[in-house]
Amino acid sequence: MPSSAADDDEGRSSVGRPLVDALLLWLPPLLCACVYLPSIQYSEWYIDELFAVLRNEDARGETPLQQVFANDFWGNSLRSGWTHKSFRPLSVLSFAWQFRLLEPGLFRPQPLRA
């Protein structure tokens with residue numbers, strides 16, 4: 001049976017359809033992620049994170065693990081009246097691991113952009 005022009009058009013469109021679908025699926029998130037590309041090379045601290053890391057015993061790895069989960073990001077007890085309630089234990093632990101894994105002379109705290 002001879003093929004018609006309509007059949008040829010359907011064949012071409014069905015071949016490119018998965019590519020178009022993939023492009024429509026991945027392009028918006030990739031474009032949104034491009035906004036954050038400059039932060040990959042940004043190595044400065046934001047506002048007072050340096051103060052929170054270098055003066056925070058939890059972030060320096062000088063307190064027991066239980067204490068990290070009882071304090072806020074700044075090292076203040078979550079039960080005290082003076083706290084921002086900024087509970088970020090994984091950030092604090094990442095700084096503590098940097099202090100423990102790197103030698104004291106080699107340590108240069110790095111900002112965590114999450």
Side-chain angles (χ1 to χ4, degrees):
M1 179 189 249
S3 65
S4 67
D7 291 339
D8 288 341
D9 288 341
E10 284 181 22
R12 274 190 231 119
S13 66
S14 65
V15 170
R17 188 66 189 169
L19 180 61
V20 171
D21 288 344
L23 187 63
L24 290 174
L25 178 68
W26 288 101
L27 189 60
L30 288 175
L31 288 175
C32 291
C34 287
V35 173
Y36 296 98
L37 285 177
S39 68
I40 293 173
Q41 294 180 352
Y42 186 72
S43 63
E44 296 298 319
W45 292 89
Y46 182 71
I47 304 179
D48 49 1
E49 289 174 338
L50 184 59
F51 177 82
V53 172
L54 294 181
R55 298 216 178 163
N56 183 349
E57 292 177 350
D58 296 337
R60 290 193 315 252
E62 298 173 357
T63 59
L65 185 61
Q66 298 86 356
Q67 191 69 29
V68 172
F69 291 99
N71 291 344
D72 65 5
F73 178 72
W74 309 99
N76 299 319
S77 172
L78 287 170
R79 296 178 190 260
S80 74
W82 175 239
T83 180
H84 292 282
K85 304 284 188 207
S86 56
F87 185 65
R88 296 182 258 173
L90 295 180
S91 297
V92 173
L93 286 173
S94 72
F95 291 124
W97 289 328
Q98 285 184 52
F99 270 101
R100 288 185 184 196
L101 292 176
L102 299 174
E103 295 178 24
L106 297 176
F107 180 72
R108 181 174 179 261
Q110 298 296 316
L112 176 66
R113 302 286 177 235

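Numbers for residues simply follow the sequence, beginning at 1.
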Q | Test item: R100 side-chain N/O and G61 main-chain N/O as donor-acceptor pair under 3.5 Å | A | yes
Q | Cation-pi check, R88 onto F73 ring (under 6.0 Å, within 45° of axis) | A | yes
Q. Taking atom types as modelled and ignoring hydrogens, do the side chains of D58 and T63 form a donor-acceptor contact shorter than 3.5 angstrom?
A. yes
Q) Could you give the distance from CD (Q66) to CG (N71), rounded to the nearest 0.5 Å? A) 11.5 Å
Q) What pair of heavy atoms forms the shortest contact from P28 to L23, and how long is it? A) CD-O, 4.2 Å
Q. If you take all heavy atoms of F69 and L78, which pair is closest and at what distance?
A. O-CD1, 4.2 Å
Q: Would you check if V68 and L93 make a side-chain contact, meaning some heavy-atom pair closer than 4.5 Å?
A: yes
Q | Closest contact, heavy atoms only, A59 versus F99 | A | O-CD1, 3.2 Å
Q: Would you check if V53 and F95 make a side-chain contact, meaning some heavy-atom pair closer than 4.5 Å?
A: yes
Q | Spacing of N56 atom CG and N76 atom CG [to the nearest 0.5 Å] | A | 8.0 Å
Q.
Are L19 and W26 connected into the same hydrophobic cluster when the rule is that any two of I, L, V, M, F, W, Y join if their side-chain heavy atoms are below 4.5 Å apart?
A. no
